[in-house]
Every structure is written in structure tokens, then in C-alpha cells.
S.K.: 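Starting off with a structure, shown below.
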Amino acid sequence: MNIIERVLGKRLEKIPKEFVGESEAAKTIREKIKEAAASNANILIEGESGVGKGLAGEIIHNHSGRAGKFIVVNCASIQPALFESELFGHRKGAFTDAEEDKRGLIEEAEGGTLLLDEITEIPLDIQAKLLRFTDTGRYRRLGEEKENKANVRIITATNRDITK
């Protein structure tokens with residue numbers, strides 16, 4: 001029994017049932033999922049479309065012990081002008097159509113995990129704010145002066161070569 005199995009115990013027994021395959025590659029992926037679930041680190045999952053990056057993220061969340069929600073957002077589906085509001089939320093009056101306060105995805109995922117699929121589609125200016133959040137756990141809603149703190153694990157996924 002390795003350290004990860006000792007830490008998580010019985011919770012890891014479900015992983016082979018959720019993630020099928022007996023090849024060496026599948027076994028390696030299953031081990032990486034176990035390691036990720038045992039950690040509180042933010043995670044980047046890379047792979048071609050359709051290989052199960054979202055499933056891997058969900059399994060990591062389900063076996064991490066985090067009590068909050070697992071929320072998935074496809075970054076390519078959010079208009080760049082609305083990205084900050086979607087991610088961090090906004091106060092009423094922060095911009096023309098902000099008719100009421102809005103909770104962002106980070107606030108919705110409190111205590112849980114936020115999977116940002118197609119992470120490479122996030123606008124450059126928002127990347128800096130997201131980096132600050134991953135470093136400090138702090139963020140600001142649009143139109144708000146006070147900082148908020150959230151306990152959210154970020155899992156990102158991409159089908160692109162992120163080094164490029």
C-alpha cells in the first residue's frame with residue numbers, strides 16, 4: 001500500500017470502476033488521478049479532445065474529500081467581455097447591464113472544485129487575475145472594493161500545447 005492509498009483509504013477503490021481500461025497508459029493515468037486527489041494542488045490536465053479530461057477532473061474532485069460543488073465551465077463559450085463577471089461576479093451597477101448583484105463561478109464553487117475547460121481561451125487580462133486568485137485565494141467582484149476569499153480548487157483542462 002503506497003502513501004496515497006494510506007491517506008485516502010477506501011475512497012480510492014471507486015476510481016477503477018469510473019475510469020475503465022487495463023493498458024499501461026490507463027494504469028498510469030489512474031495513478032496520476034489518485035495522486036491528484038490526495039493533493040490540494042491546482043491541476044492542469046492536457047490531452048486531445050474526447051479523451052476524458054472532464055471525467056478525470058470529476059474523479060479527482062469526487063475523491064479529494066472536498067465537500068463543495070464540482071462546477072465545470074467551458075472557457076470558449078464565455079464572451080471575453082463577460083469573462084471577469086462570470087468568474088468573479090459583479091455588483092449591481094458595475095457596468096451597463098448589471099441590474100443586480102451576481103455571484104461568480106468561484107463563489108458558487110466555494111469549498112469545492114472549479115474545472116476550467118479550454119483554459120487557453122481565457123482573455124489575457126483575466127489570466128493575471130486568475131493567477132492572483134490561485135496564489136492567494138482572494139478576488140474582487142466587478143464594481144466592489146472589498147476583497148473576498150474563497151476556498152476553491154482549480155482544475156484546468158486543454159487540448160492545446162500550453163507551452164506554445
S.K.: Measure across Glu48 and Lys53 and return the closest heavy-atom pair with its distance rounded to 0.1 Å.
M.R.: O-NZ, 3.0 Å
S.K.: Between atom CD1 of Ile59 and atom OG of Ser64, what is the distance when rounded to the nearest 0.5 Å?
M.R.: 12.0 Å
S.K.: Any chance you could measure Asn148, atom CG, to Arg138, atom CZ, to the nearest 0.5 Å?
M.R.: 9.5 Å
S.K.: Between Thr158 and Leu44, is there a side-chain heavy-atom distance shorter than 4.5 Å?
M.R.: yes
S.K.: side-chain contact (heavy atoms from CB on, under 4.5 Å) with Leu114: which of Val72, Ile155, Asn42, Leu87?
M.R.: Leu87
S.K.: Minimum heavy-atom separation for Ser49 and Asn159, please, with both atom names.
M.R.: OG-ND2, 2.9 Å
S.K.: Ignoring hydrogens, what is the shortest heavy-atom contact between Ile162 and Glu46? Give both atom names and the distance.
M.R.: CG2-OE2, 3.2 Å
S.K.: Does Glu121 come within less than 4.0 Å of Arg160, counting only side-chain N to carboxylate O?
M.R.: yes
S.K.: Looking at OG1 of Thr120 and CG of Asp161, how far apart are the two atoms once the value is rounded to the nearest 0.5 Å?
M.R.: 10.5 Å
S.K.: Does the pair Arg141/Glu107 count as a salt bridge with the N-to-O cut at 4.0 Å?
M.R.: yes
S.K.: How far does CG of Asn62 sit from CZ of Phe70, to the nearest 0.5 angstrom?
M.R.: 7.5 Å
S.K.: Side-chain heavy atoms under 4.5 angstrom apart, residues restricted to Ile, Leu, Val, Met, Phe, Trp, Tyr: same cluster for Val73 and Leu142?
M.R.: no
S.K.: Shared ILVMFWY cluster between Leu115 and Leu105, side chains joined below 4.5 angstrom?
M.R.: no
S.K.: Got a second to check how far Ile43's CD1 is from Glu35's CD, nearest 0.5 Å?
M.R.: 9.5 Å
S.K.: Of Arg140, Lys129, His90, which meets side-chain hydrogen bond (donor to acceptor under 3.5 Å, both in side chains) against Glu84?
M.R.: Lys129
S.K.: If you take all heavy atoms of Leu82 and Ile78, which pair is closest and at what distance?
M.R.: C-CG2, 4.1 Å
S.K.: Tell me whether Ile71 is reachable from Ile122 by hopping between hydrophobic residues (I, L, V, M, F, W, Y) whose side-chain heavy atoms are closer than 4.5 Å.
M.R.: yes
S.K.: Does any non-hydrogen side-chain atom of His61 lie less than 4.5 Å from one of Arg153?
M.R.: no
S.K.: What distance separates Lys27 NZ from Lys32 NZ, expressed to the nearest 0.5 Å?
M.R.: 16.0 Å
S.K.: Linking I/L/V/M/F/W/Y whenever any side-chain heavy atoms sit under 4.5 Å apart, do Phe83 and Phe95 land together?
M.R.: no
S.K.: What heavy-atom pair brings Thr136 and Lys149 nearest, and what distance separates the two atoms?
M.R.: O-NZ, 3.0 Å
S.K.: Is a salt bridge present between Arg132 and Glu147, judged by a nitrogen-to-oxygen distance below 4.0 Å?
M.R.: yes
S.K.: Are Leu116 and Leu55 co-members of a hydrophobic cluster defined by side-chain heavy atoms under 4.5 Å apart?
M.R.: no
S.K.: Kindly say whether Lys92 contributes a backbone atom to a donor-acceptor pair with the side chain of Asp101 at under 3.5 angstrom?
M.R.: yes
S.K.: Taking the basic N atoms (NZ, or NE/NH1/NH2) and the acidic carboxylate oxygens, is any pair closer than 4.0 Å for Lys102 and Glu86?
M.R.: yes
S.K.: Please check if the number of heavy atoms outside Asn40 that lie under 6.0 Å from its CG is greater than 12.
M.R.: no
S.K.: Taking only Lys NZ, Arg NE, NH1 and NH2, and the carboxylate oxygens of Asp or Glu, determine whether Glu108 and Lys69 approach each other closer than 4.0 Å.
M.R.: yes
S.K.: Should Glu31 and Lys34 count as an ion pair when the cut-off is N to O under 4.0 Å?
M.R.: yes
S.K.: Does a side-chain heavy-atom distance below 4.5 Å link Leu124 with Ile126?
M.R.: no
S.K.: Where is the tightest heavy-atom contact between Ala76 and Glu118, given as atom of each residue plus distance?
M.R.: CB-OE1, 3.4 Å
S.K.: Which label fits Tyr139 and Phe88: parallel for a plane angle under 30°, tilted from 30 to 60°, or perpendicular past 60°?
M.R.: parallel
